[in-house]
Amino acid sequence: MGCLKLLVLMLLMNSQVNCDPEDINMGSARNIHSSLKRDVSPCSNFWAYACGNWQRGHFVDNFEIVEDKYAHEMERLLRGMESNELEMAPRLVQQMQNYFAACSRQEHLHPKMENYLQELPRDVVTTLSSEINYKWELVTATLRKFGLNGVYFTELADVAFNDSLVHVAQIRMPPQHAYFQSKFKILDHMLEFGLFQSISRAEHRIAEDLYGLDLQLNNLSAKHRSAEPVVFAWSLNDLKIQIPQIDWQTYFNELLGTDEAPSNLRVEVSDVEYLRELGALLTRYSNAHMLKVYLLMRLCRFVSEASPPDLAPATCVHHMLALLPLGMNYIYDRYVYKTREQDTRLLADIFEALRTTFRNYLQVNRLELTRTHLTYVRAKLDAMQLKLGNLPAETEPAFYDNYYGSANFTDSTFYHNYWQALRLRTFLQHQPLLQQDAKMQLNRYYVNDDVFKARSAPYFEHERNTLTIPLIFLQLPFFDQQQHPIFQQSLIGFILAHEINHAFEQEGILYNALGNETPMGLEIREQRSFKSALECAQQSPTSSLKERLADINGLQLAYDAFFGIGSASEQYEYRPYAFENEFLAPQLFYLNFAQFFCGKLPPAIAHDADDVRVNVAVDNMRQFVRDFNCTSSEQPQPPKCEMWRPR
Ligand SMILES: *[C@@H]1O[C@H](CO)[C@@H](O)[C@H](O)[C@H]1NC(C)=O
Ligand SMILES: *[C@@H]1O[C@H](CO)[C@@H](O)[C@H](O)[C@H]1NC(C)=O
Ligand SMILES: *[C@@H]1O[C@H](CO)[C@@H](O)[C@H](O)[C@H]1NC(C)=O
Ligand SMILES: *[C@@H]1O[C@H](CO)[C@@H](O)[C@H](O)[C@H]1NC(C)=O
Ligand SMILES: [Zn+2]
């Protein structure tokens, strides 16, 4: 390529970066057009029509695009800022820079047990390796502090089901797993993790015993697994009486790092019969060596799953975002994100328009709810919060600077930092449990889950009645404050409408305005009209009914908020747009909605596949047939599923 040509190209790209409103909309329209596959009819397979030609570099989906942008910005900062830029929370920034430096430097690709065990504190290693007076509760709690959960049971620091300001520890059976499918698989793992150098007859015997133990545990949980287990709200004292087969005092003393966990510590326990049998099984199990090796194997699994899969700087950024969300979000917010004020205003407007439309739905009361039930739903809608970024309301820089104070990150040893970060996370989650009767400090609240992949998409938290948009999401191709309202409403407007509808599907409805589960939510769910709305959405199979409801009702809500309830969208006076002369406003609305789902159809997790989601949502949109001028042979006409929307 000639120099001049290159220069012209750079100028062009540059002008796209500093785009005025016109350019941004041109760009969005161009993306829509370039994704179109025109030999497919929009009426028969809308996703294939809207996304059939999607190809943007190597990206699998739109999230990869924003995640790459995010990583690029954060990498620059984490590699070292000018010291005069560090006026706020310098210690926090230094800690995060150290973590990043060690992460992108260390050889930690294929962890051998010795590599990371030697970075655990000395007393922890002693506890793990001792077989004399082996106490499985103690070892389980020790490893829980460093993130390993769900081996014998799952423990989580959460809030009470009926009082979302009260802290509780939840205990339940572990999720099903299939790590050790055969004796030979176990031998493979033992070699991979470096537990043994060679395999002799002794190792075969160990593998056989481990396999037997794992099978017993899986059998036990399979025997007691139920779809909606009963949850008991107990004190630690109750727990000790109800399930004496397990030494809970030892477990909680170790987990909470205290000499005597308070007897009125609040716990919520499910799968009680499972836990009783588990305690009996493990107490009976006299082979301490086997229990030790089993736990170490599970620890190895955990480390190899949770460590960053490669040393690429972007991988380290995302690893850190999941593990140290407060620090990463603070730095991004403080030093990268520049449009908080304008975005806050704009998104509040969109959110408000959606809620107003939902309130208007409720006036019509399609589900024929009683007055009390309507008041419950309205109160929940009114109290709902919108939050930009997963950050506390706290504004004191000192709060952020001290928050990770107990962690000691070096700039050279990844596994040292890794354990520190995991220990810190569990500590921060559990710390409030020790302050009995202390209510949740809402100004310091942020989501600090046990996750290894940070959330990039907006999410709704039932306990807080809050919709959070991660800051990473607030950039193109998803959102820009300069975009035309039709692009904003059809994409982020749809996403917000989807999340709002999560508050009112079959699980969300159980939580009231304050985020507490009450009998009234259950009463509403038992209404015949509510149930038949659920049945309608299940006419074709779905991997998640609540996600499907949020999609169908969300698209309708976003559409109505923009075009008006029952409006004649074909007469919408937006044509011609300066940036679009082929599609009418409602057509552009669906096309831009579909853009969110364009990509290479990655495996669907907890949702239906993207093509199914788009097609089901538009199939249930009454106006779609008219908006795309479909003939009845092209678009089958099953009854449209609508829930809150007036007929
Ligand atoms: C929540 O449930 C527990 C246990 O059933 C009960 O003791 C407590 O009073 C309830 N709290 C509220 C606020 O209803
Ligand atoms: C586990 O369950 C399977 C199938 O139900 C059974 O064949 C097997 O004997 C059980 N194993 C143990 C160790 O309980
Ligand atoms: C932090 O860790 C390093 C390396 O393990 C150690 O040398 C240092 O003493 C620790 N500092 C604190 C304050 O714990
Ligand atoms: C819809 O289809 C009819 C008949 O094929 C055609 O006359 C009309 O122009 C079409 N309208 C639009 C908006 O495409
Ligand atoms: Zn959802």
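Note that these values count all heavy atoms, side chains included, but never hydrogens, waters or copies made by symmetry. Here the structure is a predicted model, which is why all the values come from computation and not from measurement. One-based numbering, in listed order, for ligands and for the atoms of each.
Cation-pi check for Arg613 over Phe597 is not met; the charged atom does not lie both under 6.0 angstrom from the ring centroid and within 45 degrees of its normal. By the 6.0 Å and 45° rule, Arg622 does not stack over the aromatic ring of Phe563.
Side-chain contact between Arg56 and Glu64 is absent, with no heavy atoms from C-beta onward closer than 4.5 Å.
For atom 1 (C) of ligand 1, the closest non-hydrogen atom on the protein side is Asn162 ND2, 1.5 Å.
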Would you sort out whether Glu67 and Phe59 count as a side-chain contact (heavy atoms from CB on, under 4.5 Å), showing the intermediate values?
CA-CA 11 Å; Glu67 281 164 6; Phe59 296 107; over 6 Å; no
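Each of the atoms 4 (C) of ligand 1 lies under 4.0 Å from some heavy atom of Ala233.
The distance between the ring centers of His462 and Tyr511 falls below 6.0 angstrom.
For atom 9 (O) of ligand 1, the nearest protein heavy atom is 4.0 Å or more away.
With a cut-off of 2.8 Å, the Zn ion (ligand 5) has an N, O or S atom of Glu547 in range. The nearest N, O or S atom of His502 is closer to the Zn ion (ligand 5) than 2.8 Å.
When the Zn ion (ligand 5) is compared with the N/O/S atoms of His498, atom NE2 turns out nearest.
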